[in-house]
Amino acid sequence: MVKICCIGAGYVGGPTMAVIALKCPKIEVAVVDISVPRINAWNSDQLPIYEPGLDEVVKQCRGKNLFFSTDVEKHVCEADIVFVSVNTPTKTQGLGAGKAADLTYWESAARMIADVSKSDKIVVEKSTVPVKTAEAIEKILTHNSKGINFQILSNPEFLAEGTAISDLFNPDRVLIGGRETPQGHKAVEALKAVYAHWVPEDRILTTNLWSAELSKLAANAFLAQRISSVNAMSALCEATGADVTQVSYAVGKDSRIGPKFLNASVGFGGSCFQKDILNLVYICECNGLPEVAEYWKQVIKINDYQKSRFVNRVVASMFNTVANKKVAILGFAFKKDTGDTRETPAIDVCQGLLGDKARLSIYDPQVTDDQIQRDLTMKKFDWDHPLHLQPMSPTTVKKVQSVWDAYEATKDAHAVCILTEWDEFRKLDFQKIYNNMQKPAFIFDGRNVVDANKLREIGFIVYSIGKPLDPWLKDMPAVA
Ligand SMILES: NC(=O)C1=CN([C@@H]2O[C@H](COP(=O)(O)OP(=O)(O)OC[C@H]3O[C@@H](n4cnc5c(N)ncnc54)[C@H](O)[C@@H]3O)[C@@H](O)[C@H]2O)C=CC1
Ligand SMILES: O=C(O)[C@H]1O[C@H](OP(=O)(O)OP(=O)(O)OC[C@H]2O[C@@H](n3ccc(=O)[nH]c3=O)[C@H](O)[C@@H]2O)[C@H](O)[C@@H](O)[C@@H]1O
């Protein structure tokens, strides 16, 4: 029986391995992590991450051919294939701080693999890593090996949160990069055979190691670039009276451009887009390509601009001050159908409003109060370290209250900001919300989920990203 071990039981390691176990009943899969609470949660009824469809998959295989354990060394030692899916955060200190990937967790995993291994292994980069990481990992493994043969493969993950299970069941492609040697080819074939249990062969792409590593960074950069492009257009739409939804539709009808990923928003979030682009920028700079680095940096600059533009709109519309005004925040996760708040635009928007002394009442169906407090007090990039290494909030933000109901959040509020596109926000009783708010009542829709015209009929002053402006907003300059 082939044995797989995955180091890192996070958003990628957990779902990916659960799907491999489901689709390959003859393969034994162990997911290991240094975080005891995380592993305990994987072994309980309350999984550590919220992902539609994940519970069912885990329930079907857990205890049969899928195991979650903190006994990292034992499972690594026994495995034929070791996936490494640990955090690769942005470096916060030292050379390349604020840009380069911090490979501390990766390196310690690699050293541990070298130490405990007693048989040949295929080591698979599942984490997103800088180009040429495989070479460094190879050095660590071979330097320490006792005649053991390690083959390194790059097999980046393309799943998106909220749709992880369907993405894993039906991927656009699976990418496997390996060394162009007979042993390298053999290792690629072995991993290919795992995916071939459910992925059609023509969707399993094989490349050299460096192409696979770079393709992952490139894919995320292209996706984020689309969002920054449409968000840049949204500012121009507001200035000219065009409607960004109509513009996106018209643009996306061109089959060369395509309709997906053209929704204007308050900004993209998530653990990877910014981190991976910063990483790409750093690699370009290190390779003497400052113009290319500058090009990709713009994607992040526009994203930052979009978030601060939104805050400025809120403050400017409300007579240039939100001091002591109650602002209801609907949605804190970085997108719907996930409880993940890593790099969510809600953090920047909330911090911007708190900077202007607002009182916030936050409701998100999947994010706990604890998480919100932690996010609003944590330093940039600290969030992307394993939980037990994250600093605790020094003080809780007194001006932030989180509640478990949208009606409670909006009661007596001066304004509502919609920051995540949860489906339930579309179905709210806005008449009831309006009746219970201070007047004039404002709605700032950062995700274009509400019907602005209907809300205007109720009496709200509405701002929707990239849509023709309310007469009220036209007179309020939103530039800092
Ligand atoms: N979140 C996402 O949707 C995607 C993430 N990725 C990439 O996958 C990688 C992992 O991301 P996530 O799963 O989101 O991170 P995560 O933070 O959810 O999980 C990483 C896990 O690794 C564990 N870990 C760290 N060092 C360890 C060690 N030495 N031994 C054992 N366990 C260790 C941590 O405790 C943590 O539970 C990152 O490189 C990320 O860029 C790629 C595609 C999608
Ligand atoms: O490497 C990763 O971590 C993953 O990053 C993204 O997945 P994810 O961040 O989970 O979610 P997305 O659906 O890509 O959304 C990212 C952000 O962009 C925003 N977005 C997305 C689409 C859009 O049209 N407009 C827009 O603002 C979302 O609201 C969210 O904040 C990629 O889509 C995955 O392919 C990749 O594997």
Side-chain angles (χ1 to χ4, degrees), residues 5-16 31-39 41-42 48-49 51 69-70 72-73 75-76 83-90 101-113 125-130 133 155-164 167 171-172 216-217 219-224 226-231 234 248 252 259-276 279 303 306 331 333-338 340-346 383-390 419-421 446-448 465:
C5 172
C6 175
I7 306 176
Y11 283 87
V12 169
T16 312
V31 191
V32 297
D33 204 293
I34 39 177
S35 162
V36 176
R38 213 162 207 189
I39 290 298
W42 279 111
I49 60 177
E51 193 61 65
S69 167
T70 49
V72 180
E73 299 187 355
H75 289 286
V76 168
F83 285 83
V84 184
S85 184
V86 299
N87 323 60
T88 49
T90 306
D102 178 350
L103 294 177
T104 316
Y105 305 109
W106 230 111
E107 190 178 329
S108 84
R111 287 184 189 280
M112 185 269 298
I113 297 171
E125 286 177 349
K126 199 49 154 168
S127 305
T128 304
V129 291
T133 299
N155 171 221
E157 184 49 60
F158 295 102
L159 67 80
E161 289 177 30
T163 53
D167 292 345
D172 286 344
K216 172 64 195 176
L217 296 180
N220 273 0
F222 277 46
L223 288 168
R226 267 176 92 91
I227 304 170
S228 279
S229 298
V230 77
N231 281 344
S234 76
S248 291
K260 293 184 184 168
F261 249 68
L262 286 177
N263 293 322
S265 66
V266 60
F268 60 74
S271 61
C272 294
F273 280 175
Q274 173 166 299
K275 156 176 92 69
D276 293 348
N279 185 352
N303 199 44
Q306 189 74 348
F334 81 99
K335 62 188 274 197
K336 74 170 181 178
D337 291 339
T338 176
D340 194 352
T341 61
R342 295 179 293 180
E343 284 295 326
T344 175
W383 52 267
D384 201 12
H385 291 267
L387 264 183
H388 68 287
L389 295 179
Q390 286 176 7
L419 301 185
T420 313
E421 72 283 19
R447 297 287 187 168
N448 285 338
I465 287 273

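Keep in mind the model is a prediction, meaning the values are calculated, not measured. Heavy-atom basis, side chains included; hydrogens, waters and symmetry copies ignored. Counting from 1, the numbers follow the sequence of the chain as shown. Order of listing sets the numbers, starting from 1, for every ligand and every atom in it.
Under the 3.5 Å distance criterion, with hydrogens and angles disregarded, a donor-acceptor pair is assigned to the side chains of Thr88 and Lys275. In this model, a donor atom of one side chain and an acceptor atom of the other lie less than 3.5 Å apart for Asp102 and Thr104.
For the ligand labelled ligand 1, residue Arg342 lies inside the 4.0 Å heavy-atom shell.
Every protein residue with a heavy atom nearer than 4.0 Å to ligand 2 is included here: Glu157, Phe158, Leu159, Ala160, Glu161, Lys216, Asn220, Leu223, Ile227, Phe261, Leu262, Asn263, Ser265, Phe268, Gly269, Cys272, Phe273, Phe334, Lys335, Arg447.
For ligand 1, the atoms sitting less than 4.0 Å from at least one non-hydrogen atom of Glu161 are 1 (N), 2 (C), 3 (O), numbered in the order shown with element in parentheses. Residue Thr88 has at least one heavy-atom neighbour below 4.0 Å for each of these atoms of ligand 1: 38 (C), 39 (O), 41 (O). The ligand atoms of ligand 1 that sit less than 4.0 angstrom from a heavy atom of Ser271 are 1 (N). Applying the 4.0 Å criterion to heavy atoms of Lys216 picks out, from ligand 1, the atoms 43 (C). Ligand 1 places these atoms under 4.0 Å from at least one heavy atom of Ile7: 30 (N), 31 (C), 32 (N). Remark: ligand 1 atoms within the under-4.0 Å shell around heavy atoms of Asn87 are 17 (O), 20 (C), 21 (C), 22 (O), 23 (C), 24 (N), 25 (C), 34 (C), 36 (C). Those atoms of ligand 1 that come under 4.0 Å of a heavy atom in Ser108, given as number and element, are 29 (N). Within the listing of ligand 1, atoms 2 (C), 4 (C), 5 (C), 6 (N), 8 (O), 13 (O), 42 (C), 43 (C), 44 (C) sit less than 4.0 angstrom from a heavy atom of Val12.
Between Lys126 and Glu157 there is a salt bridge, since a side-chain N of the basic residue sits under 4.0 Å from a carboxylate O of the acidic one. A salt bridge links Glu161 to Arg342: one of the charged nitrogens lies within less than 4.0 Å of a carboxylate oxygen.
With a 4.0 Å cut-off on non-hydrogen atoms, Met112 does not touch ligand 1 at all. Contact annotation for Leu159 and ligand 1: heavy atoms of both the backbone and the side chain come within less than 4.0 Å of the ligand. Heavy atoms of Ser127 found under 4.0 angstrom from ligand 1 belong to the backbone as well as the side chain.
Side-chain atoms of Trp42 come within 3.5 Å of backbone N or O of Ala9 as a donor-acceptor pair. With hydrogens and angles disregarded, no donor-acceptor distance shorter than 3.5 Å links the side chain of Asn231 to the backbone of Gln306. In terms of modelled atom types and a separation under 3.5 Å, the side chain of Asn87 and the main chain of Pro89 share no donor-acceptor contact. Side-chain atoms of Thr338 never come within 3.5 Å of backbone atoms of Gly162 as a donor-acceptor pair (strictly under, hydrogens ignored). For the pair Ser248 (side chain) and Leu262 (backbone), a donor-acceptor distance under 3.5 Å is present.
To the nearest 0.5 Å, atom NZ of residue Lys335 and atom OG of residue Ser265 are 12.0 Å apart.
Residue Thr128 places at least one N or O, backbone or side chain, under 3.5 Å from an N or O of ligand 1. Residue Asp276 has no N or O atom closer than 3.5 Å to an N or O atom of ligand 1. At under 3.5 Å, not a single nitrogen or oxygen of Lys126, backbone or side chain, sits near a nitrogen or oxygen of ligand 1.
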Exercise for review: Please step through side chain to side chain contact (heavy atoms under 4.5 Å, CB included) for the pair Tyr11 and Leu159, ending with a clear verdict.
Suggested key: CA-CA 10 Å; Tyr11 283 87; Leu159 67 80; 6.0 Å; no
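In this view, Glu51 satisfies the salt bridge (Lys or Arg N to Asp or Glu O under 4.0 Å) rule with no residue, not counting sequence neighbours.
When all heavy atoms are compared, the tightest approach of Glu343 to Gly270 is CB-O, 3.1 Å.
For atom 26 (N) of ligand 1, the nearest non-hydrogen atom from the set Trp106, Tyr105, Trp42 belongs to Tyr105. Of the candidates Arg111, Lys275, Glu125, Glu107, the one placing a heavy atom closest to atom 41 (O) of ligand 1 is Lys275.
Looking at heavy atoms from C-beta onward, Ile7 lies in side-chain contact with Val76 at the 4.5 angstrom threshold.
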